[in-house]
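Following: one structure in C-alpha cells, then a few remarks.
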2 protein chains.
Amino acid sequence: MRIGELAARTGVSVRALRYYEEQELLVPQRSRSGQRHYPDSAVDHVRLIQELYAAGLSSRTIVELMPYAVDGRATPELIDRLSAERDRVEGRITELVGTRDRLDSVITGAAKNLRTGRSCRVGPTG
Amino acid sequence: MRIGELAARTGVSVRALRYYEEQELLVPQRSRSGQRHYPDSAVDHVRLIQELYAAGLSSRTIVELMPYAVDGRATPELIDRLSAERDRVEGRITELVGTRDRLDSVITGAAKNLRTGRSCRVGPTG
DNA sequence: CTTGCCTCTCACGTCAACGTCAGGTTTTAG
DNA sequence: CTAAAACCTGACGTTGACGTGAGAGGCAAG
C-alpha cells in the first residue's frame, strides 16, 4: 500500500511515516517513480513503534531494538537492552502510581475542604 | 533563602527556578537590589512542581492547579481539574503496564530463542 | 488532455523545559 | 578594599517528533 493508506490505517500522519523512514524505523520499498510502498505488516509495525514511543523510548533506542522485532534474531546484548528498557518502564510506573496516590489524597482533602468550607493545608509531604 | 541555596536544596538548576518564575509557578520576593528571596516552604513547593512535571502535567496545567496548593482554597472546578489529571495519570499507568507486559513476553521469547537458537517470531500482536 | 488527488523532496517552524553564554551588579570572605 | 562567588537580565541554542508550506511530479477518471 502507499503512504496515505498506511497513515489512514494506523492513524499516524504521513509526515510521521516519512520521519520514521528518516530514522530508519520503517524503510519501505520504492516504485520506479519514487513512491513508497509498504507491505501489510507495516500496519502492525507502526503500531509497535507508536507503543514504544508512548513508553518513552527514543527513536534511537527503538532502532536498536528493531532488529529483533524484524528478523527475530536475539543476542545477549539485545536482551540486556530490552531488560533495561523494561526496568525503565517499571520505574516510570512506580513513579506514576506514587503521583496518582498523591493526587488522590489531594483530591480527598480538597473535597473535604469544599464540604467544611475550611482551609486544610495539603501540599508536599511534610 | 536565595536562588542558589534553593537550587542546591531541591536539586533543580538555578535556570529552572527562574523559568518557574517566568511561568508564574513560583514567584519569590525581591530585595531592593533585585535578588530573589524564597521562603523555606519553597523547597517543598519546588518538589511538588517537579513531581507534577514528572507526571506529565504542563506548566500551564500546574499553574491552574497551584491556587489550591498555595492557599488551600478548593472550588468544584479545581476538583474536577484535579480528578481529570488523576484519570490521565491512571490511563498512562495502564498503558505502561501493558507495555511492560509486552516487553516481558518479548524478553521471554528472546531468551528462549537464544537458548534454542531458533528464530521464533515475536512482533506486534498477530 | 486535463482535472484533481496523491505523492515527492527540501526546508523552515513549533513547543516545552530548560542549557548556556555574555556582560554587568551585588554579596561575601579575607 | 579587593577578589571571588553568587546573582541579575537578556537572548540565543538544544532536543525530539513531528507540522506546515512550497514547488514539482505521478496516476486513475472522464
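Everything quoted here is computed from the prediction, not taken from an experiment. All chains are named by letter (A, B, ...) in the order of the sequence lines, taking the proteins before the strands, and each is independently numbered beginning at 1.
- Distances shown here put a side-chain N or O of B:S59 below 4.0 Å from the OP1 or OP2 atom of C:dA17.
- Under the 4.0 Å criterion applied to side-chain N and carboxylate O atoms, B:R81 and B:E85 are assigned as salt-bridge partners.
- When the P atom of D:dC8 is taken as reference, atom CZ of B:R32 falls 15 Å away, rounded to whole Å.
- At a threshold of 4.0 Å, the pair A:R18-A:E22 does not count as salt-bridged, since none of the basic side-chain nitrogens sits closer than that to a carboxylate oxygen.
- Phosphate contact (OP1/OP2 of C:dT7, side-chain N/O of A:R36, threshold under 4.0 Å): absent.
- Salt bridge annotation for A:R92-A:E95: present, with a cationic side-chain nitrogen under 4.0 angstrom from a carboxylate oxygen.
- Rounded to an integer number of Å, the gap from CD of B:Q35 to P of C:dG24 is 18 Å.
- Of all heavy-atom pairs between B:S13 and B:A7, the closest is C-CB, 4.2 Å.
- Nucleic acid contact class of A:R60 (heavy atoms, under 4.0 Å, all strands): none.
- Residues A:H37 and A:P28 share a closest heavy-atom pair of O-CB, 3.5 Å.
- Distance check: B:I62 CD1 to B:Q50 CD gives 9.0 Å after rounding to the nearest 0.5 Å.
- A salt bridge does not link B:E51 to B:R47: none of the charged nitrogens lies less than 4.0 Å from a carboxylate oxygen.
- Note on B:Y19: a side-chain N or O is less than 4.0 Å away from OP1 or OP2 of C:dA17.
- Nucleotides of DNA chain D nearest to A:L17 and B:R30 differ in position, and the one nearer the 5' end is that of B:R30.
- The distance from atom CD1 of A:I49 to atom P of D:dC18 is 10 Å, rounded to the nearest whole Å.
- Whole-Å rounding puts the A:I62 CD1 to D:dA17 C1' distance at 11 Å.
- For A:Y53, the ring-ring contact (aromatic ring centres under 6.0 Å, His included) partners are A:Y20, not counting sequence neighbours.
- The interatomic distance linking A:Y38 (OH) with C:dC6 (C1') rounds to 13 Å, in whole Å.
- OP1 or OP2 of C:dC18 lies within a sub-4.0 Å distance of a side-chain N or O belonging to B:Y20.
- Within the structure, a side-chain polar atom (N or O) of A:S33 is placed less than 4.0 Å from OP1 or OP2 of D:dC27.
- Rounded to a whole Å, the CD atom of B:E21 is 16 Å from the C1' atom of C:dA17.
- Note: CD (B:Q23) to P (C:dA17) measures 7 Å, nearest angstrom.
- When all heavy atoms of B:S59 and B:Q23 are compared, the closest pair comes out as CB-OE1, 3.8 Å.
- Residues from residues 2-14 of chain A that place a heavy atom under 4.0 Å from any atom of DNA chain D, listed by number: A:S13.
- Residue A:Y53 places its side chain closer to D:dC18 than to any other of C:dC18, D:dC18, C:dC8.
- Both B:Q50 and A:R18 lie close to DNA chain C; mapped to their nearest nucleotides by heavy-atom distance, the more 5′-ward contact belongs to A:R18.
- Distances shorter than 4.0 Å separate none of the side-chain N or O atoms of A:R15 from OP1 or OP2 on C:dC8.
- Across the helix from C:dC1-D:dG30 to C:dG30-D:dC1, the helix axis at one end is tilted relative to the axis at the other end by 0° (nearest 10 degrees, each axis from five pairs).
- A:E24 CD: 12 or fewer foreign heavy atoms inside a 6.0 Å radius.
- In this structure, A:E24 atom CD and D:dG16 atom C1' are separated by 17 Å, rounded to whole Å.
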